[in-house]
Amino acid sequence: MNNEKKENEIERLDFVRQIVADDLESDKWEGRVATRFPPEPNGYLHIGHAKSICLNFGIAAEFGGTCNLRFDDTNPIKEEQEYIDSIIADVKWLGWDWQDRLYYASDYFQQMYEWAVDLVKKGKAYVDDLTGDEIRRYRGTLTKPGKNSPYRDRPIEENLDLFEKMKNGEFPDGSKVLRAKIDMAHPNLNMRDPVMYRILHASHPRSGDKWCIYPMYDWAHGLEDSIEKITHSICTLEFENHRPLYDWFLDELGVYHPQQIEFARLNMTYTVMSKRKLLQLVQEKMVNGWDDPRMPTIQGLRRRGYSPAAIRNFCKTIGVNKFNSTIDAALLEYCLREDLNKTSPRVMAVLKPLKLVITNYPQGPTEELDAVNNPEDENAGTRKIPFSRELYIEREDFMEEPPKKFYRLAPGREVRLRYAYFVTCTDAVKDADGNVTEIHCTYDPATKGGDAPDGRKVKSTLHWVSAQHAADAEVRLYDHLFTKENPDEAVEGKDFKSNINPNSLEVLTDCKVEPSLADAKSLDRFQFERLGYFSVDPDTADGKLVFNRTATLRDTWAKIQKQQKA
RNA sequence: UGGGGAAUAGUGUAACGGUAGCACAACUGACUCUGGAUCAGUUAGUCGGGGUUCGAAUCCCUGUUCCCCAGCCA
């Protein structure tokens with residue numbers, strides 16, 4: 001990063017970075033900056049997590065600090081190794097590095113237990129025999145204070161004994177909990193004697209059957225941060241109400257005390273972002289798994305063809321704040337195109353082929369023409385593409401009766417075939433139903449390479465592939481998963497699933513691509529000229545090419561068509 | 001008469017008592033061997049009402065609206 005850019009960024013710090021910068025200035029943490037990304041391994045990461053990842057890892061990188069990857073694996077009922085693996089892969093793919101600082105909350109269970117015993121000894125925690133239902137009723141409501149549990153004033157010795165027996169597995173699930181003794185009349189419900197431990201005879205993905213009590217988030221999270229000497233514990237807005245409790249535990253224990261800072265989670269138009277809803281889409285087979293290219297998951301975006309750089313730049317662009325907002329999905333696409341435009345090799349591919357025969361071109365021979373690999377990148381070089389008498393062009397690039405502003409091929413009209421020749425349409429061959437099956441053109445040999453020596457211009461340039469050289473491919477086109485900007489805005493009695501876009505996936509099986517693509521590898525990214533950005537789907541195998549459309553190019557003609565219809 | 005947050009163009013986001021700026025979107029136009037990219041331009045904003053001040057998005061008062069909290073989830 002150059003100095004000029006760095007200076008620019010320092011001028012416009014978001015509120016979290018401002019706090020970090022101020023703390024550095026005042027030497028609050030002895031010059032340290034330590035953040036962490038603490039996912040619960042109970043689902044796949046999505047673009048919303050990317051915002052948090054880029055914030056935490058980004059701050060560490062910018063301020064010369066460190067960021068840990070820590071699994072907050074305190075609930076074995078929901079967590080699985082599969083999720084741990086995917087999260088590690090995703091954070092890595094996004095380009096972040098935690099070096100040797102991969103941590104698990106479950107590794108701190110013994111220390112947490114000992115601290116809990118300390119609290120019991122101080123008379124600040126007690127074992128409660130109330131049922132879950134009773135605890136809820138004793139808690140009171142938003143407007144009414146709660147009342148003390150009858151077990152609240154058990155002698156310390158009895159609490160110690162009971163808590164140890166809880167740990168030793170002597171009680172059934174749900175029969176007892178350990179609670180902090182704070183204030184049942186506290187206006188903040190989180191402070192009304194929150195549960196610290198519940199009994200769960202469940203096997204943990206990492207600690208196995210070693211524990212049958214598991215710490216609750218509020219108890220565990222601050223301790224994890226404390227153990228790792230985190231300076232800035234960044235989390236989402238809904239935890240703002242929990243901060244007093246975060247602080248209370250750490251203060252009562254008298255241990256190292258990080259600062260919790262809350263920011264607003266990401267919302268985006270035309271998609272859902274909650275793990276619960278994404279899980280539903282997967283389980284109810286409304287998409288083809290977590291890595292379905294229509295999903296906002298990191299794995300979905302990766303399979304769709306997104307680059308890590310595009311996602312990171314998006315996260316930088318959206319900023320950080322304390323109020324709920326919904327980012328326009330178009331901004332993500334913008335960041336995507338901005339990156340792919342610079343980095344994607346250009347190729348020619350025809351999605352909906354229409355045969356074009358050049359009637360005055362010799363039958364036998366073919367020629368090799370020079371094509372530029374990437375006009376945005378001089379170092380990308382050129383390649384040869386085969387040209388012959390019979391080609392495929394895009395069906396949409398020909399119209400028998402062209403409307404206004406349609407510049408492409410039509411009877412009698414001359415256009416350029418990219419990197420090849422000018423051709424003029426002489427006629428269209430039709431089947432019995434009147435559908436155009438083939439078009440005939442003549443070419444001007446003097447325009448080889450794509451320029452006319454006499455200086456004449458054409459309105460349009462078409463992409464094409466040589467029929468005899470083309471490789472076959474399947475191409476999957478995607479649209480928004482939902483038809484509404486806000487999928488949750490459903491009619492009475494329906495939920496977000498009623499807003500699923502039935503046309504979010506279109507599979508084209510008869511596509512023709514230039515021969516250079518024959519040995520493209522999984523997840524390789526290309527720009528199909530005039531069509532958009534495409535990447536190789538992992539389904540590609542033994543000569544069967546499958547591409548995903550990552551994004552279309554900006555399409556002025558489509559816009560005009562839309563206006564003409566309206 | 002619960003508590004905690006928050007309000008700046010259509011959408012995001014700056015301005016830290018001194019010219020309301022930037023990006024996306026939308027719309028013009030220029031250029032172009034991608035109707036791409038690029039470039040130039042246009043439309044459009046401080047939640048309402050009071051106050052303090054030479055001067056308020058910013059400070060004070062007041063109202064309004066929105067979000068979060070009653071899991072042995074995180």
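Atoms considered below: every heavy atom in the structure, side chains included; atoms not considered: hydrogens, waters and symmetry mates. Convention: sequence-line order gives letters A, B, ...; per-chain numbering from 1.
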B:C39 to B:C22 separation - P atoms, rounded to the nearest Å: 15 Å
Whether A:Lys352 and A:Glu394 form a salt bridge (side-chain N of Lys/Arg under 4.0 Å from carboxylate O of Asp/Glu) is what I want to check. no
At their closest point, which heavy atom of A:Glu414 faces which heavy atom of A:Val458, and how far apart are they? O-CG1, 3.5 Å
With sugar-phosphate meaning primed atoms plus P, OP1 and OP2, does A:Arg408 contact a base, only sugar-phosphate, or nothing at under 4.0 Å between heavy atoms?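 Answer is base: heavy atoms of A:Arg408 come under 4.0 Å of a base.
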Compute both the distance and the angle, then confirm whether A:Arg154 meets the cation-pi test with A:Tyr126: under 6.0 Å from the six-membered ring centre, within 45 degrees of the axis. no
In A:Thr550, A:Asp339, A:Asn313, the residue satisfying side-chain hydrogen bond (donor to acceptor under 3.5 Å, both in side chains) with A:Ser307 is A:Asp339
Secondary-structure notation, RNA chain B, from Watson-Crick and G-U pairs under 3.5 angstrom (| other strand): .((((((..((((....[..)))).(((((.......)))))....(((((..]....))))))))))).....
Are the side chains of A:Lys176 and A:Asp128 in contact, using a 4.5 Å heavy-atom criterion? no
Check this one for me: any side-chain N or O of A:Ser325 less than 4.0 Å away from OP1 or OP2 of B:U13?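 A:Ser325 to B:U13 OP1/OP2: side-chain N or O found under 4.0 Å.
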Would you say the base of B:G35 stacks on A:Tyr407 (centre-to-centre below 5.5 Å, plane angle below 30°)? yes
Name of the residue among A:Asp225, A:Thr35, A:Ile234 meeting side-chain contact (heavy atoms from CB on, under 4.5 Å) with A:Pro258: A:Asp225
Strictly below 4.0 Å: does A:Gln561 bring a side-chain N or O up to OP1 or OP2 of B:G35?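 False: A:Gln561 side-chain N/O out of range (4.0 Å or more) of B:G35 OP1/OP2.
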Syn or anti for B:G71, with syn set at within 90° of 0? syn
Rounded to the nearest 0.5 Å, what's the gap from CD on A:Gln563 to NZ on A:Lys565? Could you check? 12.5 Å
Given the P atoms of B:A23 and B:C66, what is the spacing between them in whole Å? 33 Å
Give every pair of a protein N or O atom and an N or O atom of nucleotides 69-73 of chain B that lie under 3.5 Å apart, one pair per line with the distance.
residue : atom : partner  : partner atom : Å
B:C69   : O4'  : A:Asn241 : ND2          : 3.3
B:A70   : O2'  : A:Arg139 : NE           : 3.3
B:G71   : OP2  : A:Arg136 : NE           : 3.3
B:G71   : OP2  : A:Arg139 : NH2          : 3.4
B:C72   : OP1  : A:Arg139 : NH2          : 3.3
B:C72   : OP2  : A:Arg139 : NH1          : 3.2
B:C72   : N3   : A:Gly174 : O            : 3.3
B:C72   : N4   : A:Leu130 : O            : 3.0
B:C72   : N4   : A:Gly132 : N            : 3.2
B:C72   : N4   : A:Gly174 : O            : 2.9
B:C73   : OP2  : A:Arg198 : NE           : 2.9
B:C73   : OP2  : A:Arg198 : NH2          : 2.9
B:C73   : O3'  : A:Arg198 : NH2          : 3.2
B:C73   : O2'  : A:Asn75  : ND2          : 3.1
B:C73   : O2'  : A:Lys78  : NZ           : 3.4

Is the shortest side-chain N/O distance from A:Thr556 to OP1 or OP2 of B:G36 below 4.0 Å?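 Yes.
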Can you tell me, in whole Å, how much space there is between the C1' of B:U64 and that of B:G71?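 One C1' to the other, the span is 33 Å.
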The nucleotide from B:U34, B:G5, B:A23 with an atom nearest the side chain of A:Tyr334 is B:A23
State whether the aromatic ring of A:Trp557 stacks on the base of B:G35, taking stacking to mean ring centres under 5.5 Å apart and ring planes under 30° to each other.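 A:Trp557 ring centre within cut-off of B:G35 base, planes near parallel; stacks.
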B:A23, OP1 or OP2 - any side-chain N/O from A:Lys316 closer than 4.0 Å?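 Answer is no, no contact under 4.0 Å.
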Are the side chains of A:Leu356 and A:Phe398 in touch, meaning some heavy atoms are under 4.5 Å apart?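 They are not in contact (no side-chain heavy atoms under 4.5 Å apart), so the answer is no.
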Phosphate OP1/OP2 of B:A14: any A:Asn321 side-chain N/O under 4.0 Å: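 True: A:Asn321 side-chain N/O within range (under 4.0 Å) of B:A14 OP1/OP2.
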d(CZ, A:Phe15; C1', B:U13) in whole Å: 13 Å
Rounding to an integer number of angstrom, what distance separates B:C24 and B:A37 when you compare their P atoms? 11 Å
Donor-acceptor pair under 3.5 Å: do we get one between A:Glu376's side chain and the base of B:G36? yes
A:Gln527 near the nucleic acid: base, sugar-phosphate alone, or nothing, with a heavy-atom cut-off under 4.0 Å? base
Ignoring the backbone of A:Leu331, work out which of B:U34, B:C24, B:G35 is nearest its side chain.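 Within the option list, the nearest is B:C24.
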If you count every heavy atom of other residues, nucleotides or ligands that lies below 6.0 Å from A:Arg265 atom CZ, does the total exceed 12?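 No.
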For a quick check of understanding: with a heavy-atom distance under 4.0 Å over all strands, which category does A:Leu462 fall into, base, sugar-phosphate or nothing?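 No contact.
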Protein-nucleotide distance (A:Met184, atom CE; B:G3, atom P), rounded to Å: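 Rounded to whole Å, this separation is 18 Å.
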Between the base of B:G35 and the side chain of A:Arg554, is there any donor-acceptor pair under 3.5 Å? no
Quick check for you: to the nearest 0.5 Å, what is the distance between A:Phe263 atom CZ and A:Lys51 atom NZ?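 Nearest 0.5 Å value for the CZ-NZ distance: 5.5 Å.
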